[in-house]
Amino acid sequence: MKIATWNVNSIRTRLEHICAWTKETQPDVILFQEIKVTEAFFPFEDIESQGYNLVVFGQKSYNGVAIASKFPLEDITRGLPLCPDDPQARYIEAVTGGMRVASVYVPNGQTVDCEKFHYKLTFMEGLGAHMAHLLTKDEPVVVGGDYNITRDDQDVYDPESWKEKILCSSQERTALRKLLHLGYVDLLRQDSPEEKNYTWWDYRQDSFTQNRGLRIDHILGSPQVIDRLQSTGVDRHIRALDRPSDHAPVWVNVK
DNA sequence: ATGGTAGACGATCTA
């Protein structure tokens, strides 16, 4: 089973790229972030016609997450159960194809120590508490998405210029490490420990052609998933298309 | 230190 995650930066603007990419790479499950649309205006037909079922947790203009799957989607959760009052659509979870999968869009945080940064850390605490709960179910669990955090300097093209900046601060990295300490594994790092698997390149200053990127999109797997891991990758060529998302799709193959 | 670009939306806000 191939599970992919992709921050599309507007699902309506990216529809052509999405359809071409699904035809080419045939993921079984897709975790979308930043769909930037309410469920009422979500382009269901275009994606269903590619053979997918869909569940959507939408929001106007900002955020929004969704899951597409070739298998039926059951036991759906919209929003983190431990943050029921969060008005931002950043988490959706479902059971599909014998796995529990979640699509997460962690807040960017803007700058270290501002109000949005503290919201980011609070969100990560709520996410961690919920992911700890998921481990008690003893199921294969995959939580993939845009975490907006580099794990360490291996994920950064120029660690010196990013030192203690947003996406790279010690506080954010500690929050990400807490998820790993629960028992989840960073599947791309597990599969290719030496690889610089950047997943995001800024739209500005020719970042992609210069390969000035960061790895901030991650797929975390519970122990049951780690045992079945076959291969992983980043579809970098999707970032090179005309009018691309600033993120490339990331995927794992699990037995 | 600033600004560079993109998307939603219709003036800025978010990233």
Side-chain angles (χ1 to χ4, degrees), chain A residues 5-21 31-44 46-47 56-66 79 83 86-91 103-124 127 144-151 155-158 160-169 171-173 175-176 198-218 234-250:
Chain A
T5 179
W6 188 9
N7 178 325
V8 290
N9 188 15
S10 171
I11 198 147
R12 289 182 290 187
T13 298
R14 223 60 66 198
L15 258 185
E16 278 188 33
H17 287 4
I18 291 167
C19 291
W21 169 72
L31 312 171
F32 289 113
Q33 301 88 39
E34 275 207 275
I35 61 173
K36 291 188 169 179
V37 70
T38 55
E39 187 162 0
F41 295 101
F42 188 95
F44 281 97
D46 304 83
I47 295 171
V56 175
F57 186 33
Q59 186 182 329
K60 186 181 178 182
S61 304
Y62 304 112
N63 314 315
V65 286
C83 310
D86 191 339
Q88 302 190 20
R90 296 182 174 277
Y91 183 88
S103 174
V104 64
Y105 178 43
V106 175
N108 171 285
Q110 199 164 61
T111 52
V112 174
D113 259 345
C114 72
E115 190 181 337
K116 290 189 176 73
F117 183 79
H118 293 290
Y119 169 58
K120 180 178 196 170
L121 296 180
T122 302
F123 183 93
M124 285 297 287
L127 178 63
D146 179 1
Y147 284 78
N148 267 317
I149 302 173
T150 54
R151 175 170 171 171
D155 293 343
V156 185
Y157 67 90
D158 180 7
E160 210 42 54
S161 73
W162 282 88
K163 196 176 173 65
E164 293 302 335
K165 297 280 174 34
I166 196 66
L167 314 182
C168 299
S169 73
Q171 290 171 85
E172 292 161 87
R173 287 177 175 178
L176 180 60
Y198 301 148
T199 65
W200 171 85
W201 297 261
D202 199 297
Y203 282 124
R204 296 165 286 194
Q205 296 173 313
D206 235 357
S207 298
F208 181 65
T209 49
Q210 306 289 322
N211 198 26
R212 292 194 283 254
L214 303 178
R215 190 177 74 105
I216 54 177
D217 301 86
H218 305 291
V234 179
D235 290 334
R236 289 178 59 100
H237 63 290
I238 299 301
R239 181 63 176 80
L241 299 173
D242 275 346
R243 294 193 73 204
S245 167
D246 44 354
H247 296 252
V250 180

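Numbers restart at 1 for each chain; the letters A, B, ... are given by sequence-line order, proteins then strands.
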Tabulated below should be each protein N or O lying under 3.5 Å from an N or O of nucleotides 11-15 of chain B; please produce it.
residue	atom	partner	partner atom	Å
B:dC13	O2	A:Tyr62	OH	3.3
B:dT14	OP2	A:Lys116	NZ	3.3
B:dA15	OP1	A:Arg90	NH2	3.3

Sort me out a list of protein N/O and nucleotides 1-3 of chain B N/O pairs below 3.5 Å, or just none if empty.
residue	atom	partner	partner atom	Å
B:dG3	N2	A:Gln205	NE2	3.0

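Checked against A:Tyr147 for a side chain to side chain contact (heavy atoms under 4.5 Å, CB included), the options A:Thr5, A:Ile216, A:Val104 give a single hit: A:Val104. Each of A:Glu172, A:His218, A:Met124 was scored for a side chain to side chain contact (heavy atoms under 4.5 Å, CB included) with A:Val106, with one residue passing: A:Met124.
Contact annotation: A:Arg12 does not reach the phosphate of B:dA8 (side-chain N/O to OP1 or OP2, under 4.0 Å). Within the 4.0 Å cut-off from OP1 or OP2 of B:dC9, at least one side-chain nitrogen or oxygen of A:Ser61 is found.
Looking at A:Thr38, its side chain never comes within 3.5 Å of a backbone N or O of A:Lys60 through a donor-acceptor pair. A:Gln110 places no side-chain N or O within donor-acceptor distance of the main-chain N or O of A:Lys116, the cut-off being under 3.5 Å.
In this structure, A:Arg243 atom CZ and B:dA8 atom C1' are separated by 12 Å, rounded to whole Å. Rounding to whole angstrom units, NZ of residue A:Lys60 and C1' of B:dG7 are separated by 14 Å. Per the geometry, CG belonging to A:Asp202 stands 10 Å off P belonging to B:dA6, to the nearest Å.
Rounded to a whole angstrom, the distance from the P atom of B:dT5 to that of B:dC9 is 22 Å. Taking the P atom of each, B:dA6 and B:dT2 are spaced 23 Å apart, rounded to whole Å. For B:dG4 and B:dT14, the C1' atoms lie 16 Å apart once the distance is rounded to whole Å. B:dC13 sits 16 Å from B:dG3 when the P atoms are compared, rounded to a whole Å.
With a 4.5 Å cut-off on side-chain heavy atoms, A:Asn148 and A:Trp200 do not count as touching. Side-chain atoms of A:Gln210 and A:Tyr157, non-hydrogen and from C-beta on, never get closer than 4.5 Å to each other.
For the residue pair A:Arg215 and A:Thr150, no side-chain donor N or O sits within less than 3.5 Å of a side-chain acceptor on the partner. Side-chain contact check for A:Lys36 and A:Asn9: at least one donor-acceptor pair (N or O, by modelled atom type) lies under 3.5 Å.
Ring-plane geometry between A:Trp6 and A:Trp21 is classed as perpendicular, the angle between the planes exceeding 60 degrees on a 0 to 90 degree scale with a lower cut at 30.
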